[in-house]
Q: 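Attaching a single structure in structure tokens format; questions to follow.
For this chain, numbers begin at 1 and follow the sequence in order. From a predicted model like this one, the values you see are computed outputs, not experimental measurements.
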Amino acid sequence: MAEVATGKAEAVTGCTKHGIVLAEVATGCVKRIYHSQALEKQEEKMSAETTFDNCNHSKDPVVGCALEGIATTVAGIKDVSIVIQSPQGCASTVAAGYDAHEVDFTKRKVACTRLFESDIVMGASDKLKGMIKEADQSFDSKVMFVVGTCAADIIGEDIAGLCNQLQPDIKAKLVPLMAGGFRGNAYDGLEMGLEALLPFIKKRQTKRRGRKPRIVNIIAPQANLNPTWWADLEWVKQTLKSLRIKVQTVFSHNTSFEELELAGEATANIVLSHDVGYKFARKMQQTHDIPLILDDIPLPIGVNNTTRWLKALAAHFKIDEKVEPIIKQGEEMVVDTLRKRALMIIPRYRNCRIAVSADGTLGIGLVRMLFEELEMIPEVLLFRSAMPDSRSILERELHSLGLTSRVIFSADGYQVKQTLEEFDVDAVIGSAWEKYMAEELGIKIAFDVFSPTNRETYVDKPYFGYEGMINIMEVIANDWDRAFRSKEIHWT
């Protein structure tokens, strides 16, 4: 591992623009982008990035394969089915994609060719043809995704050619995709799945005249480590509804195929992820002339980021006066809740040196929330994805906050544990994985906030918005208390 310096930042005294939470509850308040050469230049600019030797290929991945990403896209669309050319074990990976949307087992249209060793040696094209025909009769879906996995890649299966040959005899529209393991991880698979939807989006036949209506598409809400991420999607949809902004299509969650086809009616696209979706949104801008908005600021995590996000949304649609009551009500709710129930917890977090292990979607926004609103010091930031399209947002956030946090992109399990061992931190915010690592390394405080979590989640809780900040703080507060609770007491 490269030599690591411990760039520490001290909390700055003074008031932030929306530091009302700390001002009224506690004492005082505190104050990289394309691939290949462009990405390398961005990495050079981010001087605080930590790198690892001999870690180009992860041996301890925490992100699933491309098949899981494709399945997570397909599972969010009704009226479609998926056939995988794979051994039967890959069916569990597809199931994980459907699990991510909580799709009932009776509504899953999934077929698997169940390849064996003999199929790998002798080929299995006939097996796939038979499965496609059987699935077409059984599922009666409008679109069928035919996905080749690692096994299909190894034997050189021509999925596209086979689909073209069969299409005249199949009622469903066949969409061939290859998702072998070396083609990428789940984030790459999500991008593949989104790109495969592009040909189905109809273009407007007539030009709009006058003022454009307020209609948006929402992209990649499922690329989010909130264990109940659909609550974040619901918060966004309800916020847009209160501002009289129509949601045309969600790519994808509980989305009908008709909604998908009409996505070209939107006048703006909003990506709800800092990990995926940018490429798809930019292609939609080229093919359907729908601009991508809110792509240069963090997602609404914490009070300040939520206010920034809402104001940027209002500025685009020129409805500034409509958003102010929402901001006022949200900020007052946070202050009132913390004053009543958490008066003394924020001072205890001051100057707590913390490691953040998350995705870009939540991790970038957390930086400001932890530093400005809880007065913690984010010493190290570990991100599960490469974040080629959102590193500039992170860089601006760190610069504006005066932080020199160490940054690791595409962090696998080995890199996370190695980093936590190298750095002197008081606490870790991450998933159940990071919590176990922290315990093993002797880090007393670990916050189990993200997926996969050991917490039981019966109630959907957003992490976006003002309510979302309270939900995150509730987990942090409880895990803090548990860390200092004696394990020697045996209650009878």
Side-chain angles (χ1 to χ4, degrees), residues 62-64 68-69 71-78 95-105 107-108 186-187 190 218-242 247 250-255 270-277 298-303 305-306 309 330 333-334 337 356-366 369-370 383-385 429-435 446-479 482:
V62 295
V63 179
E68 184 177 337
T72 306
T73 304
V74 174
I77 308 170
K78 304 172 186 176
Y98 281 82
D99 290 343
H101 292 266
E102 294 194 324
V103 177
D104 189 274
F105 281 94
K107 297 180 180 180
R108 302 183 183 192
Y187 292 121
L190 271 163
I218 295 175
I219 299 172
Q222 67 270 54
N224 180 332
L225 289 183
N226 180 349
T228 56
W229 58 265
W230 45 88
D232 290 327
L233 172 61
E234 188 61 26
W235 178 86
V236 171
K237 291 170 71 173
Q238 289 302 318
T239 299
L240 294 172
K241 183 179 180 180
S242 67
V247 175
V250 178
F251 292 96
S252 57
H253 178 65
N254 200 28
T255 305
I270 299 175
V271 176
L272 290 188
S273 171
H274 287 317
D275 301 283
V276 297
L299 287 160
I301 308 293
V303 172
N305 283 330
T306 299
W309 193 86
M333 182 275 294
V334 172
T337 301
V356 179
S357 183
D359 56 1
T361 301
L362 300 174
I364 292 178
L366 266 176
M369 174 184 155
L370 293 173
F383 296 100
R384 295 189 186 181
S385 75
I429 184 168
S431 67
W433 288 332
E434 286 79 12
K435 193 175 181 70
F447 307 119
D448 182 4
V449 179
F450 308 128
S451 184
T453 177
N454 278 335
R455 293 181 292 109
E456 299 292 342
T457 52
Y458 297 140
V459 179
D460 298 342
K461 292 185 177 184
Y463 286 173
F464 285 2
Y466 302 107
E467 179 187 352
M469 177 187 175
I470 297 298
N471 290 331
I472 294 173
M473 287 188 62
E474 186 175 79
V475 177
I476 290 174
N478 279 296
D479 282 350
R482 290 189 188 99

Q: When the ring planes of W309 and W235 are compared, do they come out parallel, tilted or perpendicular, using 30° and 60° as the limits?
A: tilted

Q: Indicate yes or no for a side-chain donor-acceptor contact from S242 to the backbone of T239 under 3.5 Å, with no hydrogens or angles considered.
A: yes

Q: For S431 and T453, what are the C-alpha separation, side-chain angles and deciding distance, and is it a side-chain hydrogen bond (donor to acceptor under 3.5 Å, both in side chains)?
A: CA-CA 6 Å; S431 67; T453 177; over 6 Å; no

Q: Do you know the tightest heavy-atom contact between A358 and L225?
A: C-CD1, 3.9 Å

Q: Within the 4.5 Å heavy-atom criterion, are W230 and E102 side-chain neighbours or not?
A: yes

Q: Where is the tightest heavy-atom contact between L190 and A223, given as atom of each residue plus distance?
A: CD1-CB, 4.0 Å

Q: Do H253 and W229 have ring centres separated by under 6.0 Å?
A: yes

Q: Looking at every non-hydrogen atom in both residues, tell me the closest pair between Y463 and N226 and how far apart they are.
A: N-ND2, 3.3 Å

Q: Go through the steps for V62 and W433 under the test side-chain contact (heavy atoms from CB on, under 4.5 Å), then give the verdict.
A: CA-CA 9 Å; V62 295; W433 288 332; 3.5 Å; yes

Q: For G365 and P298, work out which heavy atoms get closest and say how close.
A: CA-CB, 4.1 Å

Q: Okay, side chain of T306, backbone of G302: is any donor-acceptor separation there less than 3.5 Å?
A: yes

Q: As a quick check of understanding, evaluate side-chain contact (heavy atoms from CB on, under 4.5 Å) for D460 and E234, giving each step before the final call.
A: CA-CA 10 Å; D460 298 342; E234 188 61 26; over 6 Å; no

Q: Salt bridge or not between K461 and E474? Use side-chain N to carboxylate O under 4.0 Å.
A: yes

Q: Could you tell me if D232 and N224 have a donor-acceptor pair between their side chains, going purely by distance under 3.5 Å?
A: yes

Q: Roughly how far apart are I429 CD1 and D479 CG, rounded to 0.5 Å?
A: 9.0 Å

Q: Tell me the closest heavy-atom pair linking K435 and A446, and the distance in Å.
A: NZ-O, 2.9 Å

Q: For A95, which residues count as a side chain to side chain contact (heavy atoms under 4.5 Å, CB included) partner, sequence neighbours excluded?
A: R108

Q: At what distance, to the nearest 0.5 angstrom, does OG1 of T361 lie from CD1 of I301?
A: 8.5 Å

Q: Salt bridge or not for D104 and K107, using N-O below 4.0 Å?
A: no

Q: How many angstroms lie between atom CD of Q222 and atom CZ of F251, to the nearest 0.5 angstrom?
A: 11.0 Å

Q: Evaluate the criterion side-chain contact (heavy atoms from CB on, under 4.5 Å) for residue pair N305 and L299; output intermediate values, then yes/no.
A: CA-CA 7 Å; N305 283 330; L299 287 160; over 6 Å; no

Q: Which value, rounded to the nearest 0.5 Å, describes the distance between T337 atom OG1 and E467 atom CD?
A: 9.5 Å

Q: Under a 3.5 Å threshold, yes or no: a donor from one side chain and an acceptor from the other, between E434 and S357?
A: yes

Q: Do you know the tightest heavy-atom contact between P462 and A231?
A: N-CB, 3.4 Å

Q: What I'd like to find out is whether the side chain of I270 reaches to under 4.5 Å of the side chain of I219, using heavy atoms alone.
A: no

Q: What distance separates I472 CD1 from M369 CE, expressed to the nearest 0.5 Å?
A: 4.5 Å

Q: Under the side chain to side chain contact (heavy atoms under 4.5 Å, CB included) rule, collect the residues that match up with S385, sequence neighbours excluded.
A: Y187, D275, M387

Q: Spell out, as yes or no, whether a donor-acceptor pair under 3.5 Å connects the side chain of R455 to the backbone of D448.
A: yes

